Amino acid sequence: MGGGWALAAHGGAGVIERGLLRPDQEAAYRRAMAHAAEAGAAVLRAGGRALAACEEGVRAMEDDPLFNAGRGSAFTADGEVEMDASIMDGRDLAAGAVAGVISIKNPVSLARAVMERSPHVFLVGHGAEAFARSEGLETAPPAYFFTLRRWSALEHALDERGLPPPPRPAGVVDDLAAALAHDEGKRGTVGVVARDVYGDVAAATSTGGTTGKRWGRVGDSAIIGAGAYASNRGCAVSATGAGEYFIRLAVAKEICALVEHRGLALQAAADAVVQEQLTALGGDGGVIAVSPDGAVAWSFNTAGMYRARIGAAEPLTVGLYKDDP
Ligand code: ASP
């Protein structure tokens, strides 16, 4: 199949409203979203695969302390990061996912390694860390992941619950994102969906999860079918939002199923699940999606979602607020 490539990226949904962000903050998020979309687009433009484009785009946001994934991840109640990520190839439904990893610089790349270099789909915690080491994935100490804004959010969340703050990770130097970061809520996630010039689609999602999470909580971002799904027979979806609701609705798979089995247009399918099913259940968040015919859609029921889209025949569009194009 020929045709043009297309890509969409998100950097999380939440309380992102016009007037809440200073001009320099808004510019920083727009720049960061553009950078991530361009990182993925560069792969597609060069004839690379949708899967690789998704990984590159997500890595760019994992490396950026503005987003809750990789560097800049939210903290657990114990003051640690526990990151979740997943990736899926729409060509053959190959998938990989990790949950609760604490030292992996780019969890999305570990998810891809699980998919391509292990016989499994989903690895968690110590085992995932051990697999990462055996595969030579890049690791980083706790101080690398630290940002003051996420630490302050943790202190605030624990205070609200009457819990004491844990000690700060050792070796923390300074905050990287404090000046420009916007507090969009207690969560955040990054994700990319892509359609390459071969007509294949893929999706990838990565997150630090929810601030102050406990008991080994895992959200939707690590769960194939909930936070990410890709099938050439339907579409590719990456989600962000209150993970517990996205898991219960199997949001990403549900959107793909509406496209595949009910023949809904991509935008209609995304809206049906986010605006109707998710909203009715009481969950909030959003999705980005792309289909093998190159259609791109996003839908969210929060005040805003950091997002970007670009295609072979479409210039880069970056949006933050609900009324952005
Ligand atoms: N979905 C993520 C989680 O529940 C958080 C988010 O996307 O805001 O871990």
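We count ligands from 1, going down the list as the structure has it; atoms in each ligand are counted the same way. As the structure is a prediction and not an experimental result, all values here were calculated from the model. Positions are given from 1, in the same order as the sequence printed here.
- Close contacts between ligand 1 and G243 involve ligand atoms 4 (O) [criterion: under 4.0 Å to a heavy atom].
- Side-chain contact between I104 and S109: absent, with no pair of heavy atoms (C-beta onward) separated by less than 4.5 Å.
- Summarising the local packing, CZ of R161 is surrounded by more than 12 heavy atoms from other residues, nucleotides or ligands at distances under 6.0 Å.
- Here is the list of ligand 1 atoms found below 4.0 Å of a heavy atom in T240: 6 (C), 7 (O), 8 (O).
- Looking at ligand 1, you won't find any N or O of G209 less than 3.5 Å from one of its N or O atoms.
- Each of the following atoms of ligand 1 lies closer than 4.0 Å to a heavy atom of D220: 1 (N), 2 (C), 3 (C), 4 (O).
- You'll find the side chain of R91 reaches within 4.5 Å of the side chain of R49, heavy atoms only.
- Using a 4.0 Å heavy-atom cutoff, G12 is absent from the residues neighbouring ligand 1.
- Using a 4.0 Å cut-off to heavy atoms of R187, the atoms of ligand 1 that qualify are 5 (C), 6 (C), 8 (O).
- Between F75 and F146, the ring planes lie tilted relative to each other; the angle falls in the 30° to 60° range.
- R217 NH2, 2.7 Å is the protein heavy atom nearest to atom 4 (O) of ligand 1.
- Where the criterion is an N or O separation shorter than 3.5 Å, residue side chain and backbone included, G188 meets it with respect to ligand 1.
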*salt bridge (Lys or Arg N to Asp or Glu O under 4.0 Å) evaluation trace for D323 with R18*: CA-CA 9 Å; D323 58 1; R18 213 174 278 284; 2.8 Å; yes
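- The protein heavy-atom contact nearest to atom 7 (O) of ligand 1 is T189 OG1, 2.5 Å.
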*Stepwise, does the salt bridge (Lys or Arg N to Asp or Glu O under 4.0 Å) test hold for R133 with E129?*
CA-CA 6 Å; R133 277 168 180 75; E129 291 274 336; 2.8 Å; yes
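- Contact annotation for S221 and ligand 1: only side-chain heavy atoms (C-beta onward) come within less than 4.0 Å of the ligand.
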